[in-house]
Amino acid sequence: MLKDKNIIVGVTGGIAVYKVVDVVSRLKKQKANVEVIMTGNATKFVSPLTFQTLSQNQVYVDMFKEPRNYDVEHISLAEKADLFLVAPGTANVIGKIANGIADDFLTTTVMATKSKVIFAPAMNTNMYLNPIVQKNISYLKELGYEFIKPGIGLLACQTYGEGRMAEPIDIIEYIMDSFYKKDLIGKKIVITAGPTIEPLDPVRYMTNHSSGKMGYKIAKEAQRRGAEVVLITGPTGLKPPKDVEVIRINTTMEMFNAVEEQFDTCQVLIKAAAPLDYKPEKVSDVKIKKKEGQKDELNIKYIRNPDIAAHFGRLKKDQITVGFAAETNNLLQYAKKKLKEKNFDFIVANDVSKDGAGFKSDTNIVTIIHKDGKVNDYPILDKAKVANIILDKVRELLNIKG
Ligand code: PMT
């Protein structure tokens, strides 16, 4: 994802430097070229050798202590930057940059760059909320500088409040989002994910093995690509992606109602969920008890749930609808039948009996079948990659349908 990207990390003097060490390590794992500039105060917290070892590049510190070819260096770093991260963003460095002060290697390079500059503020709550700091942040935001909101928690000064630098994983997500092509802006995409459950009595229910991973990945990637995303999800243990509207449901009927509310205003419906086709005819008000003296059998009558995809497939006007087919045999034959019966624009077939495919895993092995009969087979891929393949096809269809 970050291969061939030049990311400059400006490290200032604050205890959160220890988290920036992790940020640099994660950036390298994403294959970015990382160049680190440290202020003199930053070196009191962590040695430049730490960043040099992790980034596999020379670390730039004080321009005045290194009178070699410093102005060439800071200009060339500024020019090669694809993205500039300042972390921890102290009140001091934010204030300097907001007021045009360029008195060290870091601030001089920030001043000279045309790349996106992102601050990850970290400071004591009172400092963070100080109107001077807030005014500097607002002013820099007006100029196009970006800020990753600090978290709330126990701070190094042993007070509790806002000002804790964002976690490395969130900083990496923010940076990755910055490089995404925003090709789905203005499109509303509704995604269903996870299983549904159907209660039998107050303590028991039926469900299936869907973890929601496939649907959540599609939601996350669609949001990153600029779409307005509504995620309709059955019960899962997953954290929903940020900036996505989440509608939680339990039963297939509740999923049907949630899709109905969204369908008229969406351009795309992607049905990655595994809704139960049947439910018990009657839900007992009380726990079903074993009956002494009766046969060792429990007979429950099941009735059909609505087929959500088929219903909205019939109603659709300009919407693109994408289905999934979870099969254990005759994959192509059954998937083609569903494609037709549910009037999907294309269907993503997965053989859930294969290792690395279908339920619960982080990967999937899919075959995509289009309305015109075209079939694309894919090898085992990370579910995020599968999500982007699906979204690429959606984007092509949106361009055709306008
Ligand atoms: O959630 P994970 O653990 O990541 O697993 C991913 C997955 C296996 C659930 C996913 O890749 C997948 O295959 N989802 C579809 C599961 C399914 O219900 O398939 P189906 O062949 O029974 O249904 C065909 C299509 O109709 C699906 O798009 C389904 O969402 C939809 N459907 C099914 C039943 C129903 N009553 N209403 C529906 O809309």
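All ligand and atom numbering here is 1-based and tracks the order in the structure.
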- Item | Basic-acidic side-chain contact under 4.0 Å: R224, E173 | yes
- Message: At less than 4.0 angstrom from any atom of ligand 1, which residues have a non-hydrogen atom? List them by chain and residue number.
- Response: S210, S211, G212, K213, M214, K271, A272, A273, A274, P275, D277, P306, D307, I308, A309, G323, F324, A325, A326, K338, K342, N350, V352, G358, F359, K360, N364, K383
- Message: Ring centroids only, cut at 6.0 angstrom: are Y145 and Y139 within range, meaning strictly under it?
- Response: no
- Message: If the condition is salt bridge (charged side-chain N to carboxylate O under 4.0 Å, His left out), which residues does R204 pass it with, not counting sequence neighbours?
- Response: D201
- K80: what forms a salt bridge (charged side-chain N to carboxylate O under 4.0 Å, His left out) with it, not counting sequence neighbours? E35
- Cationic N near anionic O, under 4.0 Å, K338 to E327: yes
Identify every side-chain donor-acceptor pair in residues 146-157 under 3.5 Å, counting partners at least two apart or on other chains, and give the distances.
residue : atom : partner : partner atom : Å
E146    : OE1  : Y174    : OH           : 2.7
E146    : OE2  : K116    : NZ           : 3.2
K149    : NZ   : E162    : OE2          : 2.9

